[in-house]
Amino acid sequence: MPSAMNIAKSLVSISQFNKGQASRIFDRLHSEPQLIVLKNNQPTAFILSPDEYDRLTEMEEDYALLLEAYERLEKQGDKPGIPMAGVMSRHGISESDLDEIGDVEIE
C-alpha cells in the first residue's frame, strides 16, 4: 500500500504541463511507476509507466481467467473431474514432453 509520502511525491500539477515541463514530467516515469495529475488540487488523471501499465493489465487478465475458472468449477457441480495424469495418459503426453515445451502464454 502506498504511503502518504510516496503519494505526495507522485503529484504533478497540470500547470507544469502548461509551463512546458511535460518532457521532464515524463522522464520521472523512469523511476516512478505512476504520477497523479492534479487540476485545481483534485486528481484528474494518472500517468503510468509502460512497466506499470503492463503489470496492471496482466493482473486484470489473470483475474478474468480466475473468474472464468471459478465459473467453470461451479458449472461442473458434483461431477468428478479428470486428473491431469489421466488426461496426459489418454493423449500420450509425458512429463518430459511438457518440460520440453517450456512456458506457454495462454490467451
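Both backbone and side-chain heavy atoms feed into the values below; hydrogens, waters and symmetry mates do not.
Looking only at side-chain heavy atoms (C-beta outward), Glu71 and Leu67 stay at 4.5 Å or farther from each other. Using a 4.5 Å heavy-atom threshold, the side chains of Phe26 and Leu35 count as separate. Residues Ile36 and Val12 have side chains not in contact (no heavy-atom distance under 4.5 Å, counting atoms from C-beta outward). Under the 4.5 Å side-chain criterion, counting only non-hydrogen atoms from C-beta, Phe46 is not in contact with Val37. Looking only at side-chain heavy atoms (C-beta outward), Leu98 and Met88 come within less than 4.5 Å of each other.
Using modelled atom types, one side-chain atom of Ser49 and one backbone atom of Glu52 make a donor-acceptor pair closer than 3.5 Å. In terms of modelled atom types and a separation under 3.5 Å, the side chain of Glu58 and the main chain of Arg55 share no donor-acceptor contact.
Rounded to the nearest 0.5 angstrom, Lys19 NZ and Ile14 CD1 are separated by 12.5 Å. Distance CG/Asp51 to CG/Leu29: 10.5 Å, rounded to 0.5 Å. Atoms OG and NZ, from Ser31 and Lys9 in turn, are 9.0 Å apart once rounded to the nearest 0.5 Å. A distance of 10.5 Å separates CD of Gln21 from CZ of Arg28, quoted to the nearest 0.5 Å. Rounded to the nearest 0.5 Å, atoms CD1 (Ile25) and CD (Glu32) are 11.0 Å apart. Put simply, CG on Leu66 and CD on Glu68 are 10.5 Å apart, with the number rounded to the nearest 0.5 Å.
Within 6.0 Å of atom CG in Asn41, 12 or fewer heavy atoms from other residues, nucleotides or ligands are found, so the atom counts as exposed in its surroundings. Summarising the local packing, OH of Tyr53 is surrounded by 12 or fewer heavy atoms from other residues, nucleotides or ligands at distances under 6.0 Å. The 12-atom threshold is exceeded at CG of Asn18, counting heavy atoms of other residues, nucleotides or ligands nearer than 6.0 Å.
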**Request:** Tell me, with the steps shown, if Leu48 and Leu56 meet side-chain contact (heavy atoms from CB on, under 4.5 Å).
**Result:** CA-CA 10 Å; Leu48 303 177; Leu56 292 173; 3.9 Å; yes
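Side-chain contact, Ser94 with Asp97: a donor N or O sits under 3.5 Å from an acceptor N or O.
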